[in-house]
Amino acid sequence: MADALSVIPASVLRNLSDKLYEKRKNAALEVEGIVKQLASSGDHEKISAVINLLTTEFTYSPQANHRKGGLIGLAAATVGLTSEAAQHLEQIVPPVLNSFSDQDSRVRYYACEALYNIAKVVRGDFIIFFNQIFDALCKLSADSDANVQSAAHLLDRLVKDIVTESDQFSIEEFIPLLRERMNVLNPYVRQFLVGWITVLDSVPDIDMLGFLPDFLDGLFNMLSDSSHEIRQQADSALSEFLQEIKNSPSVDYGRMAEILVQRAASPDEFTRLTAITWINEFVKLGGDQLVPYYADILGAILPCISDKEEKIRVVARETNEELRAIKADPAEAFDVGAILSIARRQLLSEWEATRIEALHWISTLLNRHRAEVLCFLNDIFDTLLKALSDSSDEVVLLVLDIHACIAQDPLHFRQLVVFLVHNFRVDHSLLERRGALIIRRLCVLLDAERVYRELSTILEGEADLDFACIMVQALNLILLTSAELSELRELLKKSLVNAAGKDLFVSLYASWCHSPMAIISLCLLAQTYQHASAVIQSLVEEDINVKFLVQLDKLVRLLETPIFAYLRLQLLEPGRYIWLLKLLYGLLMLLPQQQSAAFKILQTRLKTVPSYSFNGDQLKRTSSGNPYTQILHHSGSQITEDGDISQDNGNLQNGINFALRLQQFEQMQQQHRLLAKSQAQLRNSSSSLSKEGQKALTRRPPTSDTSRPPSRSSRKGPGQLQL
């Protein structure tokens, strides 16, 4: 200190702390001259003493004017040292950097000015303090004082020039500092950071691309900034880096892919578009490097396929196709389970397009890696079954394609049909809305006979009789009307002459017993008209209810469709198909005449039948008022199922024991009757005892029929009902 005081006159020190800038400036010029003389004489000890004096007595002084003077003095000393300033920078720069956080804005301004002058002198030697200077400039870029900001910008430009021409700059030491600052939200700081990234990337000797994963997320974060200028700068920087990636032979795609996946889900539209564009390029360029990240990338792509912005949807679809076209091997880190997990999760998406693409992925994996997919079947099977209830027909059809592919194995086929029946049982609306679509599609994909046989086997032992009846009726309607089941209908028509047809008839019969009308329909298809007539005769009062009549109405209408054209043509030979006529008349007798369109339809059809005798050797018109009186009274068992008159065959046709089948039907119907009775009793028991008592009081006591002789009017003739 004494050395410095002996060198610098007291008047100079006094003026250096003066409130007037001119006096401080003049004093600084004198300090510059003094230091220059000391440097020329090589007296660096006294130079150090002078710098120490300026630091301790001025820059760290509680007085603002002293601090201002100290800063301008340090800059002057550096100018005086010229080429020898480098050895004193450890003393000069720290107090100046410390002044950047001064409470007085004018002190901060002079600190910028001082460091600017120091940097101009020392240039490259200045780099050792780069990180501290960068940190200080980062804060000053957002300074509340406009003059300080302006001064900081000038200093920033000079520092950039120095860095770009220096060979001592360490990007490795700088990147952690940059990464730390990238999440700052202040717009001025963001502009400052993007500016530095752009400048450093332009330096050929600095490999910013290699460190891109460290600050890529921060750049993407800036794309959603409220300032258009910042968004534009960030986008420009990202575009430049993407171009470099395309031209670079070695890029760390993995780390960046993780960032892009997160940014693809950003609420900001521009950020999503940029992220999905990058992912698109990565999928094209990354190759094997991206295999471990396929699941994450797919998780980002699928939601974007349904994005509200068309540009994003287009890029996402293109990326999805590119990714699916890559045939990766599970042996090369391709995680089938992870892909399936993503697809399963996206099946729950509210957007149809996303669900469809998720199903395409599952289908693709099944085709390429069937064994691996089946290992994860338990994880996705329930979701695939629930997807059968989807509101989109296209989704349901794709799900069925996948189920059919899985069900190629007998075990999985059985599991599929069991789960399908279970879903129909717990959700009747699914059966109503999607039942026909699902069954028809499965019949196309998995062979109709196989599907119907399996369904029949399951429904035969169904504990829920009401559901079994509904399900059988649905299956029967599909069988009668669907074009996809035409071959199955043709096979059933040969039940009396073909072993395969007989086996199918018997297989379906067991479960079709749940519904009388389904059995009658099955017999119509199989042309087992005599047995159908026997089924009608076996019906009792409880069987003929509203539900039965509704089903009968449907059947009558179906008889007029092309499906049953063969049956209507058989009516041209009434003598040969006597049991068909008896069957149709039986159905007619079950229909109510009033307000029944079905009755009129069937009656009209029967009136058009040629009135020939049923007797084969008497092909003439009968003179009876009703040409079918003979038919209705002909109950002999000498007429076989195909209409030919022959000897009784003991109820056996092509090995079908119809007596046993009828017994099977009656036993099943008896179970349904018992269930209906128990349900009725349960409903009745829920009524209040008070209401039951009131009804009992108002009910008239019954009069015994034996207490009075029958009157003349009560005697009826034979065949008449007695009331």
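Remember, it's a predicted structure, so these values are computed and weren't measured experimentally. Side-chain atoms are counted along with the backbone in the values below, which use heavy atoms only and exclude waters and symmetry mates.
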Exercise. Under the side chain to side chain contact (heavy atoms under 4.5 Å, CB included) criterion, do Leu384 and His403 qualify, and how do the steps go?
Worked result: CA-CA 8 Å; Leu384 287 172; His403 277 304; 3.6 Å; yes

Exercise. What closest approach, in Å, do Ala387 and Val396 show between heavy atoms, and which atom pair accounts for it?
Worked result: O-CG2, 4.0 Å

Problem set entry | Flag side-chain contact, heavy atom, 4.5 Å: Pro516 against Ile519 | no

Exercise. What about the rings of His514 and Phe467, do their centers lie closer together than 6.0 Å?
Worked result: no

Exercise. Short question: side chain of Ser521, backbone of Met517 - any donor-acceptor pair under 3.5 Å?
Worked result: yes

Problem set entry | pair Arg368-Thr364: side-chain heavy atoms closer than 4.5 Å | yes

Exercise. Do the charged groups of Arg673 and Glu542 touch, with an N to O distance under 4.0 Å?
Worked result: no

Exercise. Does a side-chain heavy-atom distance below 4.5 Å link Ser349 with Gln346?
Worked result: yes

For this session: Please tell me if the side chains of Ile406 and Val373 come closer than 4.5 Å, counting only heavy atoms from C-beta onward.
Result: no

Exercise. Is Arg272 salt-bridged to Glu309, cutoff N-O under 4.0 Å?
Worked result: no

Problem set entry | Closest heavy-atom pair and its distance - Val556, Leu602 | CG1-CB, 4.0 Å

Exercise. Can you name the nearest heavy-atom pair linking Arg345 to Ile342, along with the distance?
Worked result: NH2-CD1, 2.8 Å

Exercise. If every non-hydrogen atom of Leu302 is compared with every non-hydrogen atom of Thr354, which pair is closest and at what distance?
Worked result: O-OG1, 2.8 Å

Exercise. Hey, what do you get for OG1 (Thr528) to NZ (Lys502), rounding to the nearest 0.5 Å?
Worked result: 14.0 Å

Exercise. Taking side chain as C-beta onward, heavy atoms only, is Arg313 less than 4.5 Å from Ile305?
Worked result: no

Problem set entry | Atom NZ of Lys246 with >12 non-hydrogen neighbours under 6.0 angstrom | yes

For this session: Look at the side chain of Ser363 and the backbone N and O of Leu359, then say whether any donor-acceptor pair between them is shorter than 3.5 Å.
Result: no

Exercise. Is the side chain of Ser533 donor-acceptor paired with the backbone N or O of Tyr529 at a distance under 3.5 Å, no angle test?
Worked result: no

Exercise. Taking all non-hydrogen atoms of both residues, which atom of Val472 and which atom of Ser511 are closest, and how far apart?
Worked result: CG2-O, 3.3 Å

Exercise. Would a distance-only check, ignoring hydrogens and angles, find a side-chain to backbone donor-acceptor pair under 3.5 Å from Ser224 to Asn221?
Worked result: yes

Exercise. Is a salt bridge present between Glu449 and Arg453, judged by a nitrogen-to-oxygen distance below 4.0 Å?
Worked result: yes

For this session: May I ask you to test the Thr481-Thr561 pair for a side-chain heavy-atom distance under 4.5 Å?
Result: no

For this session: Find out whether Leu455 and Met471 are in side-chain contact, i.e. whether some heavy atom of one side chain is under 4.5 Å from a heavy atom of the other.
Result: yes

For this session: Considering only NZ, NE, NH1 and NH2 on the basic side and carboxylate oxygens on the acidic side, decide whether Asp382 and Lys386 come within less than 4.0 Å.
Result: no

For this session: Hey, can you tell me if Tyr452 and Trp512 have their rings parallel, tilted or perpendicular (30° and 60° cut-offs)?
Result: tilted

Exercise. With the threshold set at 4.0 Å, does a side-chain nitrogen-carboxylate oxygen contact exist between Asp464 and Arg425?
Worked result: no

Problem set entry | Any Leu559 side-chain heavy atom under 4.5 Å of Leu524 side chain | yes

Exercise. Is the shortest side-chain N to carboxylate O distance from Asp390 to Arg355 below 4.0 Å?
Worked result: yes

Exercise. Under the side chain to side chain contact (heavy atoms under 4.5 Å, CB included) criterion, do Leu660 and Gln663 qualify, and how do the steps go?
Worked result: CA-CA 5 Å; Leu660 184 61; Gln663 183 181 1; 3.9 Å; yes

Problem set entry | Working for side chain to side chain donor-acceptor pair (under 3.5 Å), residues Asn280 and Lys284 | CA-CA 7 Å; Asn280 179 270; Lys284 294 175 182 177; 3.2 Å; yes

Problem set entry | Derivation of the ring pair (Phe, Tyr, Trp, His ring centres under 6.0 Å) call for Phe220 and Phe215 | CA-CA 9 Å; Phe220 267 94; Phe215 55 87; over 10 Å; no

Exercise. Should Glu357 and Arg317 count as an ion pair when the cut-off is N to O under 4.0 Å?
Worked result: yes

Exercise. What are the two closest heavy atoms between Leu525 and Tyr566, and how far apart are they?
Worked result: CA-OH, 3.3 Å

For this session: Give the C-alpha distance, both sets of side-chain angles, the deciding distance and a yes or no for side chain to side chain donor-acceptor pair (under 3.5 Å) between Asp307 and Trp351.
Result: CA-CA 9 Å; Asp307 199 278; Trp351 305 110; over 6 Å; no

For this session: Establish, yes or no, whether a centroid distance under 6.0 Å links the rings of Phe665 and Phe658.
Result: no

For this session: Show the numbers, then the answer: is there a side chain to side chain contact (heavy atoms under 4.5 Å, CB included) between Arg370 and Cys405?
Result: CA-CA 9 Å; Arg370 178 179 178 83; Cys405 186; 3.7 Å; yes

Problem set entry | Spacing of CG belonging to Asp466 relative to SG belonging to Cys469, to within rounding of 0.5 Å | 7.5 Å

For this session: Start with the C-alpha gap between Phe505 and His531, add the side-chain angles, then the distance that decides, and say whether ring pair (Phe, Tyr, Trp, His ring centres under 6.0 Å) holds.
Result: CA-CA 13 Å; Phe505 176 81; His531 183 68; 7.1 Å; no

Seminar exercise, completed: Taken to the nearest 0.5 Å, the spacing of Leu477 CG from Ser515 OG works out to 11.0 Å

Problem set entry | Mutual orientation of the aromatic rings belonging to Phe419 and His422 [parallel < 30°, tilted 30-60°, perpendicular > 60°] | perpendicular

For this session: Apply side chain to side chain contact (heavy atoms under 4.5 Å, CB included) to Leu216 and Trp278, showing your working.
Result: CA-CA 11 Å; Leu216 180 64; Trp278 274 61; 4.0 Å; yes

Problem set entry | Any donor-acceptor N/O pair, Asn247 side chain to Gln243 backbone, under 3.5 Å | yes

For this session: Please test Asp217 against Gln262 for side chain to side chain donor-acceptor pair (under 3.5 Å), starting from the C-alpha separation and ending with a verdict.
Result: CA-CA 9 Å; Asp217 188 61; Gln262 295 176 357; over 6 Å; no

Exercise. Under 3.5 Å, is there a donor-acceptor pair between the Gln551 and Asn476 side chains?
Worked result: no

Problem set entry | Value rounded to 0.5 Å, distance of CZ in Arg324 from CD1 in Ile301 | 10.0 Å

Exercise. So, for Phe381 and His412, is the gap between ring centers shorter than 6.0 Å?
Worked result: no

Problem set entry | From Ile470, Ile439, Leu388, residue fulfilling side-chain contact (heavy atoms from CB on, under 4.5 Å) relative to Phe424 | Ile439

For this session: Going by the side-chain hydrogen bond (donor to acceptor under 3.5 Å, both in side chains) test, name the single residue among Ser392, Ser391, Ser306 that passes it with Glu352.
Result: Ser392

Problem set entry | Check: Ser538 side chain, Val535 main-chain N or O, donor-acceptor pair, under 3.5 Å | yes

Exercise. Can you tell me how far the CG atom of Leu238 sits from the OG1 atom of Thr271, to the nearest 0.5 Å?
Worked result: 9.5 Å

Exercise. Are Arg263 and Asp268 ion-paired here, with the side-chain N under 4.0 Å from a carboxylate O?
Worked result: no

For this session: Would you check if the side chain of Arg489 reaches a backbone N or O of Ser482 as a donor-acceptor pair within less than 3.5 Å?
Result: yes

Problem set entry | Distance (rounded to the nearest 0.5 Å) between Leu584 CG and Gln570 CD | 10.0 Å

